[in-house]
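Atoms within a ligand are numbered from 1 in the order they appear, just like the ligands themselves.
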Amino acid sequence: MEDVGLREACGVFGCVAAGPWPTDLDLVHVLTLGLTGLQHRGQESAGIVTSFGQDVYQMAQHKGMGLVGQVFKEENILKPLEGNLGSSEPINCQPFVVETLHGRIATAHNGELVNASRLKQKILHHGTGLTTGSDSELITQLLAHPPPAGEPNGAEWMARIKQLMSYTQIAYSLLIQYKDAIYGIRDPYGNRPLCVGKLQCAIDDADTEDNIDNKGWVISSESCCFQSVGAVYYREVLPGEIVKLTKEGVQSLCIVPRSREVRSSFCIFEYVYFARADSIIEGMLIYVVGQMVYKVRQKCGEQLAREANVDADIVSTVPESATPAALGYSKVSGVPYVEVLCKNRYVGRTFIQPNKRLRQLAVAKKFGALTENFKGLRIVLVDDSIVRGNTMGPIVRLLKKSGAKEVHIRVASPPLKYPCYMGINIPTETELIANKMNCDDLAKHLGADSVVYLTVEGLVEAVQSGIEDLDKNDKGHCTACLTGTYPVELEW
Ligand code: SF4
């Protein structure tokens, strides 16, 4: 995957301590560790809101630009946040906190509302001004609307949340913090991920048998951060489901149906690239484990080898995100996996360079060639996706210059051709290399001997073959950026 390719918009994480207040759980550290585990989903900003007290609740917040470790590094920042529940989200300086008639609420969400402009007009016509232009503010203002006639008024959040979900059906995984509860909400199409974990023990002694009492609950975009906070995977929040986390436990309040009679539309690119490899996704039922992202990526590589095998001496990858796919390719093709590039881990993200020479220099700074591993050999180089095609060309040239006899590129996902309107930053259609050239032209452009992508059918098979009882569980996947078929009609 190129450094300047796709970008996930954000991740959300919330925690509720079990038992009476004050809690002995080091909540702020659980939250910062949880956020750090979701850092791959967004790097621009981070924020934490905590709520604490009994009967009368107060909120404290801190947010800022930068990585989690940069925003929450000072003891004097962490100290005032100490509470008994909190949620946090690392982009656009969420969570968003507003005062309502019934007290303060904080919201944090991952996703993008496809009908945001219509909702914006609705709010403005209602006489409410908007200050940030963010979907979080829209969500918060819609929540502040009185619930529909016939529903109980006042601080009846269920009615308000259901009303919000009737206004907008995709795409969000949302946390709402109010008094002593966190509500976790997943859009009815289930486009963005959200799962619940059980805090079992102190972080340092997560494995000791005498410390397995329930310490509380966490809710997160991904499960990859559970281990570091001392939590175990409990279950996925289902598409359209509203769950409530309190010190007493996790309660499923209801499931809001989809407006169209279609299967759910979980983002298939979470499996390809966004989610961390150790996350568990699409766990069906309580305690029944879903599929680990790493495993699915491996299956994509296996499928790729079935679809697009080529005579070669070694299989390799551009470190590190496509490693499971390369191993899968190697397993099915029988061609040995060998590393060809050494990554300088101290070089951060490389930005778009204006010309070929600067792009080559950026690659040279980031990768060194493990020449003795591949000199005179034919390499299959597996990558998880090609977006603009800016990085792959210099890498192929580096390998060829360092002695590779042939370089065949195999991409473990289909060509990206369409924009995403559900929260993923994809370059414009004209910037996507798959819209500019076919595989043969792309191979020439990159200096490679061949280029082949995984088919859409192959990707769907790799993802869905691991989901038990697919029909019964109504699981479907969004492939819109690959096929142009969106889960809902788009509004312009
Ligand atoms: S369009 Fe692509 S990136 Fe966006 S939600 Fe669908 S599969 Fe994911």
Distance filter under 4.0 Å to Ile268 heavy atoms, resulting ligand 1 atoms: 7 (S)
Within less than 4.0 angstrom of ligand 1, does Arg192 place any heavy atom? yes
Do Ser265 and Asn191 have side-chain atoms, one donor and one acceptor, less than 3.5 Å apart? no
Taking Thr317 for its side chain and Ala326 for its backbone only, find out whether a donor-acceptor pair lies under 3.5 Å. no
Check whether Tyr167 forms a cation-pi arrangement with Lys122 (NZ or CZ under 6.0 Å from the six-membered ring centre, at most 45° off the ring normal). yes
Run the numbers on Arg41 and Glu270 for salt bridge (Lys or Arg N to Asp or Glu O under 4.0 Å), then give the verdict. CA-CA 10 Å; Arg41 298 185 73 85; Glu270 289 283 349; 2.9 Å; yes
Show the numbers, then the answer: is there a salt bridge (Lys or Arg N to Asp or Glu O under 4.0 Å) between Lys475 and Glu236? CA-CA 13 Å; Lys475 295 278 178 187; Glu236 176 186 42; 2.9 Å; yes
Cationic N near anionic O, under 4.0 Å, Arg192 to Glu222: no
Taking 2.8 Å as the limit, list every protein N, O or S atom around atom 4 (Fe) of ligand 1, by chain and residue number. Cys420 SG
Results of side chain to side chain donor-acceptor pair (under 3.5 Å) for Ser136 - residues two or more places apart only: Gln94, His109
